[in-house]
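Since the structure comes first, as structure tokens, the remarks are kept for the end.
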There are 2 protein chains.
Amino acid sequence: MTLMAGDVAPHEIRQRGLRLTPQRELVLAAVRELGHSTPEEISTHVRKLHPGINLSTVYRNLETLEKAGFLVHTHLGHGGATFHAADATSHLHLVCSNCGSVSEADLAIAKGFVEELVAEHGFQTDITHFAIYGECASCVTK
Amino acid sequence: MTLMAGDVAPHEIRQRGLRLTPQRELVLAAVRELGHSTPEEISTHVRKLHPGINLSTVYRNLETLEKAGFLVHTHLGHGGATFHAADATSHLHLVCSNCGSVSEADLAIAKGFVEELVAEHGFQTDITHFAIYGECASCVTK
DNA sequence: CCGCTAATTGCGAAAGGCTTGCAGGAATCG
DNA sequence: CGATTCCTGCAAGCCTTTCGCAATTAGCGG
């Protein structure tokens with residue numbers, strides 16, 4: 001069985017020492033479904049199904065789920081963190097500072113760069129954890 | 001004559017169509033002196049010399065000075081922007097997510113990476129405008 | 001050196017985003 | 001089923017950044 005986007009297997013959560021609550025399930029499902037998303041977007045999405053969920057519950061669950069390894073957050077600039085499922089980690093985030101679009105690039109593209117940072121500065125980068133800023137192809141040609 | 005850190009040549013500012021106010025001079029001098037710094041740090045520094053300066057004036061001047069090309073801001077994550085002098089732009093920012101230290105690396109180290117992003121994705125990066133996250137050498141060895 | 005006009009400042013209020021304390025409620029475990 | 005500990009909802013609060021407005025002042029042309 002493949003795990004559909006948005007599906008959450010209950011035991012997944014319990015296995016990592018967390019309680020299974022409807023709120024937690026919904027938050028995890030929302031992030032998996034939405035892909036890159038801000039706490040605000042996640043909250044909005046979750047409330048469509050379960051209007052009672054509090055924003056702070058969303059924040060707390062994002063934190064908890066991240067600690068448990070389900071999620072990862074990335075700084076896409078301008079203060080807001082964005083979250084995505086941990087098993088979708090292996091890509092870079094290319095954020096267009098003009099139109100705001102987020103695209104992805106293969107990790108391999110940065111391999112040489114990352115290695116040089118280690119070699120020359122002893123600096124261990126996790127280049128998937130933050131955004132690469134610039135102008136996307138369609139904005140450049142405009 | 002070399003421009004000392006913290007020195008601001010009055011005509012520099014006027015030449016770019018801005019009024020020269022003591023507040024503006026102080027903000028620019030502070031950023032040049034402090035290197036990478038947050039609005040909060042800049043404000044604190046400026047107030048040592050001129051306690052009356054308002055925080056919103058600092059923000060407005062940072063914005064104005066950036067538009068005029070004196071400053072550049074970078075997203076060092078966690079919401080806060082940090083500013084530095086524009087003529088010190090040609091380096092990457094390596095931010096340690098563990099100890100928070102900011103070090104710099106030569107732009108050349110990212111050349112290949114930047115070129116590949118253009119070649120494969122048409123994505124025009126300005127890699128000096130944002131931080132590269134990771135663990136610095138001293139945190140890695142600990 | 002003087003006065004004018006528009007840019008700038010200070011101040012207070014407010015928006016936006018995230019966190020926290022607390023008391024009640026619910027998921028687990030035995 | 002009962003106890004325990006974790007979670008949730010709610011409201012208040014914090015922090016950073018922005019805004020409106022009236023008072024001030026830099027820079028320009030007499």
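We name chains A, B, ... by the order of the sequence lines, and we start the count at 1 in each one.
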Do any side-chain nitrogens or oxygens of [X] fall under 4.0 Å of OP1 or OP2 in [N]?
| X | N | answer |
| --- | --- | --- |
| A:Asn61 | D:dT8 | yes |
| A:Arg14 | C:dT28 | yes |
| A:Arg24 | D:dC7 | yes |
| B:Gln23 | C:dG10 | yes |

Among [options], the nucleotide that comes nearest once only the side chain of [X] is considered:
| X | options | result |
| --- | --- | --- |
| A:Asn54 | C:dA7, C:dT9, D:dG9 | D:dG9 |
| A:Ile53 | C:dG10, D:dG9, C:dT8 | D:dG9 |
| B:Leu20 | C:dG10, D:dG9, D:dG27 | D:dG27 |
| B:Arg19 | C:dG10, D:dA26, D:dC10 | D:dA26 |

Going through the checks in order, is the salt bridge (charged side-chain N to carboxylate O under 4.0 Å, His left out) test met by B:Glu25 and B:Arg32? CA-CA 11 Å; B:Glu25 249 182 305; B:Arg32 287 186 172 167; over 6 Å; no
Check: [X]/[Y] side-chain N/O donor and acceptor closer than 3.5 Å:
| X | Y | answer |
| --- | --- | --- |
| A:His50 | A:Gln23 | no |
| A:Ser43 | A:Arg47 | yes |
| B:His93 | B:His84 | yes |

Could you state the [atom1]-[atom2] distance from [X] to [N], rounded to the nearest angstrom?
| X | N | atom1 | atom2 | result |
| --- | --- | --- | --- | --- |
| A:Glu40 | C:dC18 | CD | C1' | 11 Å |
| B:Arg60 | D:dT16 | CZ | P | 18 Å |
| A:Glu63 | D:dC6 | CD | P | 15 Å |
| A:Tyr59 | C:dG16 | OH | P | 13 Å |
| A:Leu18 | C:dC29 | CG | P | 12 Å |
| B:Leu62 | D:dT16 | CG | P | 14 Å |
| B:Arg16 | D:dA26 | CZ | P | 21 Å |
| B:Leu65 | C:dT8 | CG | C1' | 12 Å |

Please figure out whether B:Thr21 or B:Ser56 has its closest DNA chain D nucleotide nearer the 5' end.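 In this pair, the answer is B:Ser56.
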Taking any heavy-atom pair under 4.0 Å as a contact, classify A:Leu55: base, sugar-phosphate, or nothing. nothing
Given the side-chain rings of A:His91 and A:His36, with only the six-membered ring counted for Trp, is the space between their centroids under 6.0 Å?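 Centroid separation for A:His91 and A:His36: below 6.0 Å.
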